[in-house]
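As a basis for the values below, the full set of heavy atoms in this structure was taken, side chains included, without hydrogen atoms, waters or symmetry mates.
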Amino acid sequence: MNGVARSDGGNGRISRRGFLKTGIAGGTLLAALPEALAGKERRGTPPAPLPPPEEEGKSIDELAAGMKSGSYTAKSLTESYLMRIGEIDRNGPALRSVIELNPDALAIAEDLDRERRAKGPRGPLHGIPLLIKDNIDTADRMSTTAGSLALVGSKPPEDAYLVRRLRNAGAIILGKTNLSEWANIRSSHSTSGWSGRGGLTRNPYALDRNTSGSSSGSAAGVSANLCAAAVGTETDGSIVSPSSVNGIVGIKPTVGLVSRTGIIPISHTQDTAGPMARSVRDAAILLGALAGSDGVDAATAASKGRIATDYTRGLDENALRGARIGVVRKYFGFLDKVDVVINAALDVLKAAGAVLVDPADIETIGKFDDTENTVLLYELKADMSAYLARLGADAPVHSLKEIIEFNDKHRSTEMPYFAQETFLKAEAKGPLTSKEYTDALEADIRLSRKEGIDAVMEKFNLDALVAPTDGPAWLTDLIDGDHYIGGSSTAAAVAGYPSVTVPAGFVFGLPVGISFFGRAWSEATLIRLAYAYEQATRNRRPPQFLPTADLSL
């Protein structure tokens, strides 16, 4: 589902972020634009006007209001986004954030328009075009490949549970986004945003900068207004990190709030899907559609009674007043300019009435890095085999071992820049009954939860914790891989707890986010606090598609 980025420093250990990385290569690009948009005559409502690349996109509420008034239709919105993908993603800046388009998107939009006229909208997502990450199953004419050539042509037997929920809500699955291949779990020396099938996704703020991983295409596509919002996945950092460096909002939910059934996995302990959007409200709307208990995914049983009926309810620009927020200083200090941005954000929180406890450090930070790596290796092998078995006998590959063999046979296209040493380490692991695994899992849970996030929040009676999400986007480097310098995703990721990142400012014109995280099932609280901060700052600025960062800023 995604990983963590940073090289292992030569010690052979998988880095926390090393699972979140990847680099540019060939591979299949997007499917052609639907024939209706390929210069053919169009009938009916003309495409809805979307802003030029350097302007901000409309919110989900604005798009819904336009459809209600008749200014737009679902079809015209879909046509407009498809045209924009052709102009910006395949041509122009050539972001390569979209790996495949849904050939049925226009037909689905027309059906939803007819339904709206006959019955009214199903809800806030009726007719809203979304993108989803290419490790999320769709039982349609699109593939689900995790960016790997090994799964090209793979046809899942049914939609992922979350995709069924989106379709039931009336959302249009516009296409699938590129990602760090296999959600960045193949190698600790990868370049984030690259897959063998999709090539390299580029950062819309500075095209030579990285998008981070592994939900890189989802983040870049949202930032560049190629969709109303998108779905990403995270194991450790792969929603919040790409959201941060692409200047958008990302919500990594509590593990179990959103079903993982039908998502190509890394870890049943840490994997989750979540919304990525240009505003907290849009992300909250999308989370409401994604969240739901699924009898096939046992982790969602714990969500019963804890899912909000509407995550936008209670959004209040004054929500910071009286909130007790702890500052995790152990996650600071990796770059002075980031500290300046986040310290300014803390001043905003105080001015808005928050009570800051500074520092409120998680004493166990760094103590579960090795055990996290061990858990992910064991679970990757077991969970990948379970997912591939779900595809049936006709699946192109049936085990992690067969994926490794495929990569060896197709080295020129699958491994032109980095290898698969993490896959090899995982394949060498035993079953989930192994003492090494059970000991590591116990340590992860204890150190990240009871002695970690829970302990500090109880000690200081906190509503949330805050820290810099990540540094600014680094220069993409296909030779040496990612240059990740620091971030705060790991504690919440290992605990399986929620985290929300919001744009906090810029370093040389490159976005930097601030993360609000806390106890299990505290999404509603975190979303309210993040929303109040967002409204107080309005920090997001749309990307300019510069060839490189302006270091004079």
Side-chain angles (χ1 to χ4, degrees), residues 2-10 12 14-30 89-90 93-99 134 145-150 177-221 237-238 241-242 245-246 403-404 406-424 470-485 487 508 510 545-549 551:
N2 41 342
V4 244
R6 194 180 71 190
S7 78
D8 60 10
I14 309 162
S15 67
R16 295 196 307 276
R17 292 277 188 139
F19 294 133
L20 213 182
K21 323 185 305 188
T22 41
I24 176 174
T28 309
L29 199 60
L30 303 178
D89 204 68
R90 300 201 60 185
L95 298 179
R96 296 180 74 139
S97 64
V98 182
I99 202 169
D134 183 39
T145 69
S148 173
L149 299 175
T177 56
N178 196 21
L179 68 160
S180 305
E181 187 177 296
W182 294 112
N184 239 349
I185 191 66
R186 202 186 85 191
S187 171
S188 59
H189 299 283
S190 58
T191 298
S192 285
W194 180 90
S195 72
R197 181 180 176 220
L200 179 71
T201 299
R202 304 204 287 175
N203 191 304
Y205 285 88
L207 299 175
D208 60 352
R209 295 272 163 172
N210 201 265
T211 46
S212 191
S214 67
S215 303
S216 46
S218 295
S238 281
S241 178
V245 305
N246 287 277
I403 295 169
I404 291 169
F406 178 94
N407 291 340
D408 281 334
K409 290 177 182 177
H410 301 84
R411 299 188 72 86
S412 63
T413 51
E414 275 293 345
M415 299 195 292
Y417 304 112
F418 55 90
Q420 55 180 343
E421 73 280 357
T422 305
F423 273 5
L424 293 171
D470 226 331
W474 56 89
L475 284 167
T476 294
D477 184 344
L478 296 171
I479 297 173
D480 293 330
D482 284 341
H483 300 286
Y484 171 76
I485 57 173
F508 294 119
L510 300 169
F545 305 93
L546 300 176
T548 191
L551 301 185

*Identify, with sequence neighbours excluded, every residue that meets side chain to side chain contact (heavy atoms under 4.5 Å, CB included) alongside Leu551.*
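Checked Leu551 against side chain to side chain contact (heavy atoms under 4.5 Å, CB included); matches are Phe508, Ala549.
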*Set of side chain to side chain contact (heavy atoms under 4.5 Å, CB included) partners for Thr211, sequence neighbours left out*: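 So Thr211 forms a side chain to side chain contact (heavy atoms under 4.5 Å, CB included) with Thr201, Asn203, Ser216, Ala220, Asn246.
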Would you check if the side chain of [X] reaches a backbone N or O of [Y] as a donor-acceptor pair within less than 3.5 Å?
{"X": "Asp134", "Y": "Thr145", "result": "yes"}
{"X": "Asp470", "Y": "Val245", "result": "no"}
{"X": "Arg96", "Y": "Asp89", "result": "no"}
{"X": "Asn210", "Y": "Ser192", "result": "yes"}
{"X": "Ser238", "Y": "Ser214", "result": "yes"}
{"X": "Ser215", "Y": "Ser218", "result": "no"}
{"X": "Glu421", "Y": "Ser188", "result": "yes"}
{"X": "Arg202", "Y": "Thr476", "result": "no"}
{"X": "Asn178", "Y": "Gly217", "result": "no"}

pair [X]-[Y]: side-chain heavy atoms closer than 4.5 Å:
{"X": "Phe423", "Y": "Ile185", "result": "yes"}
{"X": "Leu546", "Y": "Asp208", "result": "no"}
{"X": "His483", "Y": "Asp477", "result": "yes"}

Taking all heavy atoms of [X] and all of [Y], pick out the closest pair and write down the distance.
{"X": "Glu414", "Y": "Arg186", "value": "O-NH1, 2.7 Å"}
{"X": "Pro472", "Y": "Leu510", "value": "CB-CB, 3.9 Å"}
{"X": "Gly193", "Y": "Ser180", "value": "N-OG, 2.9 Å"}
{"X": "Ile403", "Y": "Gln420", "value": "O-OE1, 4.4 Å"}
{"X": "Pro242", "Y": "Gly237", "value": "CD-O, 3.3 Å"}

_Pairwise distance CG(Leu95) to CZ(Arg90) - rounded to 0.5 angstrom_ =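 The CG atom of Leu95 sits 13.0 Å away from the CZ atom of Arg90.
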_Return the CG to CG distance between Leu475 and Asp482, rounded to the nearest 0.5 Å._
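Going from CG on Leu475 over to CG on Asp482, the span is 11.5 Å.
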*Who pairs with Asp408 by salt bridge (Lys or Arg N to Asp or Glu O under 4.0 Å), at least two apart in sequence or on another chain?*
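Listed in chain order: Arg411.
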